[in-house]
Amino acid sequence: MFAKEYDVIVVGGGHAGAEAAAAAANMGSHTLLITMNLQTLGQMSCNPAMGGIAKGQIVREIDALGGYSGIVSDESAIQFKMLNRSKGPAMWSPRVQSDRMLFSQQWRCHLEKTPLLDFYQEMVKGLVIEDNTVVGVETNLGLQVRAKAVVLTNGTFLNGLIHIGEKNYGGGRAGESASYGLTERLQDLGFVSGRMKTGTPPRVDARSLDFSLMEEQPGDTEPQKFSYLDTTQPLTNQRSCHITYTDDAVHETLRQGFDRSPMFNGNIQSIGPRYCPSIEDKINRFADKNRHQIFVEPEGWNTVEVYVNGFSTSLPEDIQYEALKRVKGFEQVKFFRPGYAIEYDYFPPTQLKHSLETKLVENLFFAGQINGTTGYEEAAAQGLMAGINAHQKIKEQEAVVLDRDQAYIGVLIDDLITKGTEEPYRMFTSRAEYRTLLRQDNADARLTPLGHQIGLASESRLHSLDNKQKEVAQLKGFLKNTSYDVTEVNAVLTKKNSALVTQSDKLHKVLARPNIDRTDLLSLSNVKDFVESHSITDLSFEQAEIQTKYQGYIDKEVALADKMKRLDTVKIPADYDYSPLASLSHEAKEKLSAIQPINLAQASRISGINPSDIAVLLVQLGR
């Protein structure tokens, strides 16, 4: 079976592995996906949801490029919400609550329909290296499978150690064994590794909860979806989530277990996610707060299992149970399984190129939590790019690297490669300096042409984008060239307590007002007639509205991005020797030598590099 050489081998079948395998195979590489358990492909190990603040933008970008996360999210969604609607469109972030089992099932269905993709279930314990180039993997049974490129997406499985109170045992997640051998092999090759921690809350029985004591959180009344393809449809029926709160009694019960907590007794010394702390960490760090939100999230359409979001913990199971019983609505709670923490190996991502290929070993790529990230979306994005670039590398094509003004995925990878991370990295809108450009509504315009160019995004995606852009251009042209009726517009403005007009002007000036939206404009007869006669979709109208209102901000960010891109043109030779440059500080020399930036733009983003250092390099490099 393994006598032939594969083009690409992907190790691991989580979100990163699934996207990597699908991308490489769909681009034309004969690909093998090796994972320890084929029954858990695309498994949601933690919360049953996709998207959220900045993460929703990433899912839209994956979809625009031709990945599957958006499609699978739509197919398995049980609730849709557009978060941050009260803020500007740069902050709007789509999120779906998912059916956990259906999500994994749909991922497997899509992967099995991929012609050039093979599967094999076993643990990979080593790599086959020749002339500093990876040429295959070695399994736990001693099989050697050869390939031109290898993508490692090992998640939390590398020497994974699960903690519940004072108990701990090896595991990659609940009910699954850890992966051993690969970390040591990579260390032998010269890679530096570290340890990180993440955690998960208890899962409980919905039949034991009193939802009448909680606040209901329904989905949007007019739900959208993730994928730009018309093969998926918005939800017509949704399941509600609920919110409840901890209180002083809950906190006091939790404190009774602190002496047995692995976070406080020294059993866990690795760093956990800053922005998703455990419940014991919350009440310890924020002792002045007498309550914390608990989000009660259903795990699917046809299950009573519930995810207790906000109650991540590694406390002893008896303390978890006693504390949760004191939460309003949880008085009669029954556990499906307790929460736990897990420690695992990762490899600081400064050891990678922007293509996610390692600097030490050619044709070896890392993606996902092995690079120090947290979250399905961040992992899937890296997997997609690693799969794309593994294919590009073996076909001797140029690597696909997204810029910071082009995609949140570009921000994510550049942050990892340039700055590294010592704690689980999570994406936020605040990390993107060009977030007005990187909106969730325009990911297709930003990335689908590129996805189509490299052979990943289908012709139908490009056709849908063309139609949408034509509709937007038509509508914007109409609004710029058509005048309004003063009486009709003033009736709208009066309802919105907006300043009235005294003479007729163009329609786009009305829409540019901050308190006027497209719904108001549709009450005008000439706008309504145009939209209906030209079959303008609501999403196209939304796009025209955003561009009309925020064009000034968009233009400013484009100008800033163009200015910064001038530094991209100043290339730095590979293995450049910074030691002779007397004007550079010792810190600058040390960090530049470690990161080996490819141009001055990347060098300027390294922590500790000052504008004066960049000026020195500009002079030295001939500017």
Side-chain angles (χ1 to χ4, degrees), residues 1-18 20-21 24-25 30-43 45 104 107-108 111-112 117-130 133-162 168-196 198 340 342-347 358 360-361 363-371 379 383 386-387 390:
M1 176 177 171
F2 296 129
K4 62 185 176 184
E5 179 186 52
Y6 281 92
D7 291 322
V8 177
I9 289 177
V10 176
V11 180
H15 297 258
H30 196 182
T31 305
L32 176 66
L33 174 59
I34 304 181
T35 184
M36 293 168 63
N37 187 354
L38 285 170
Q39 306 308 312
T40 56
L41 286 175
Q43 172 104 341
S45 305
S104 181
W107 249 122
R108 179 157 181 164
L111 291 173
E112 289 186 354
L117 181 56
D118 292 344
F119 304 87
Y120 189 63
Q121 179 172 297
E122 218 206 307
M123 181 193 297
V124 170
K125 70 172 185 179
L127 301 172
V128 183
I129 308 291
E130 295 176 1
T133 302
V134 69
V135 293
V137 300
E138 184 179 350
T139 73
N140 204 40
L141 291 177
L143 294 173
Q144 284 197 359
V145 190
R146 296 183 71 85
K148 297 171 185 171
V150 173
V151 182
L152 297 183
T153 69
N154 301 81
T156 60
F157 283 77
L158 292 178
N159 293 324
L161 185 64
I162 291 174
N168 59 64
Y169 58 92
R173 60 180 163 227
E176 296 185 59
S177 64
S179 174
Y180 301 104
L182 198 51
T183 294
E184 293 72 20
R185 176 65 174 129
L186 290 168
Q187 289 172 338
D188 290 343
L189 291 167
F191 287 94
V192 176
S193 69
R195 294 283 277 178
M196 281 190 176
T198 189
Y340 62 87
I342 180 168
E343 290 185 286
Y344 56 93
D345 294 336
Y346 85 105
F347 291 82
T358 67
L360 283 175
V361 177
N363 294 357
L364 176 63
F365 296 77
F366 290 176
Q369 284 175 290
I370 192 173
N371 290 336

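In this structure, CG in Leu127 is found 6.0 Å from CG in Leu364, a value given to the nearest 0.5 Å. Taken to the nearest 0.5 Å, the CD atom of Glu184 stands 8.0 Å off from the OG atom of Ser193. Between the CD1 atom of Ile129 and the CG atom of Leu186 there is a distance of 8.0 Å, given to the nearest 0.5 Å. Note: Leu41 CG to Trp107 CH2 = 9.5 Å, rounded to the nearest 0.5 Å. Between atom CG of residue Leu141 and atom OG1 of residue Thr139 there is a gap of 5.0 Å, rounded to the nearest 0.5 Å. How far CG of Leu33 is from CG of Leu38: 7.0 Å, rounded to the nearest 0.5 Å.
Counting only distance, with no hydrogens or angles, the side chain of Thr358 and the backbone of Val361 share a donor-acceptor pair below 3.5 Å. A donor-acceptor contact shorter than 3.5 Å is absent between the side chain of Asn37 and the backbone of Glu176. Tyr340 places a side-chain N or O within 3.5 Å of a backbone atom of Ala174 that can act as its donor or acceptor partner. Proximity of a side-chain donor or acceptor of His30 to a complementary backbone N or O of Asp118 within less than 3.5 Å is not detected. Side chain of Asn363 to backbone of Lys148: a donor-acceptor contact under 3.5 angstrom is found. Thr156 places a side-chain N or O within donor-acceptor distance of the main-chain N or O of Gly172, the cut-off being under 3.5 Å. Side-chain atoms of Ser104 never come within 3.5 Å of backbone atoms of Thr40 as a donor-acceptor pair (strictly under, hydrogens ignored). Glu122 contributes a side-chain N or O that, together with a main-chain N or O of Asn140, makes up a donor-acceptor pair within less than 3.5 Å.
Using a 4.5 Å heavy-atom threshold, the side chains of Phe157 and Met123 count as separate. At a threshold of 4.5 Å between non-hydrogen side-chain atoms, the residues Val8 and Val150 do not count as touching. Using a 4.5 Å cut-off on side-chain heavy atoms (C-beta onward), Asn168 and Ile162 make no contact. When side chains are defined from C-beta on, Ile34 counts as touching Ile9, because their heavy atoms get closer than 4.5 Å. Under the 4.5 Å side-chain criterion, counting only non-hydrogen atoms from C-beta, Val10 is in contact with Thr31. Between Gln39 and Arg108 there is a side-chain heavy-atom pair separated by less than 4.5 Å. Counting heavy atoms from C-beta on, the side chains of Lys125 and Glu138 come closer than 4.5 Å. Between Leu158 and Tyr344 the shortest side-chain heavy-atom distance does not fall below 4.5 Å.
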Q. Should Thr153 and Phe365 be marked as a side chain to side chain contact (heavy atoms under 4.5 Å, CB included) after you check the CA-CA gap, both sets of side-chain angles, and the distance that decides it?
A. CA-CA 9 Å; Thr153 69; Phe365 296 77; over 6 Å; no
Q.
Under the criterion side chain to side chain contact (heavy atoms under 4.5 Å, CB included), I'd like the reasoning laid out for Arg195 against Leu161: C-alpha separation, chi angles, the key distance, then a yes or no.
A. CA-CA 10 Å; Arg195 294 283 277 178; Leu161 185 64; 3.9 Å; yes
Q: Go through Val11 and Val137 one step at a time and tell me if the side chain to side chain contact (heavy atoms under 4.5 Å, CB included) criterion holds.
A: CA-CA 9 Å; Val11 180; Val137 300; 4.2 Å; yes
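Between Ala390 and Ala149 the shortest heavy-atom distance is CB-CB, 4.2 Å. Contact between Val151 and Ala20 at its shortest, heavy atoms only, is CG1-CB, 4.2 Å. The minimum heavy-atom distance linking Val145 with Tyr6 is given by the pair CG1-CD1, 4.0 Å. Contact detail for Ala379 and Ala16: the closest heavy-atom pair is O-CB, 3.2 Å. Closest heavy-atom contact between Ile342 and Arg173: CD1-N, 4.1 Å. Residues Tyr346 and Asn371 come closest through the heavy atom pair CD1-C, 4.2 Å.
Side-chain N/O atoms of Asn154 and Ser179 include no donor and acceptor closer than 3.5 Å. Between Glu343 and Asn159, the side chains place no donor N or O within less than 3.5 Å of an acceptor N or O (distance only, hydrogens not considered). When only modelled atom types and interatomic distance are considered, Gln121 and Thr35 share no side-chain donor-acceptor pair under 3.5 Å.
For the pair Lys4 and Phe2, the cation-pi test (distance below 6.0 Å, angle within 45°) is failed.
A salt bridge links Glu130 to Arg146: at least one charged side-chain nitrogen sits closer than 4.0 Å to a carboxylate oxygen.
Using cut-offs of 30° and 60° for the angle between ring planes, the Phe347 and Phe191 rings count as perpendicular.
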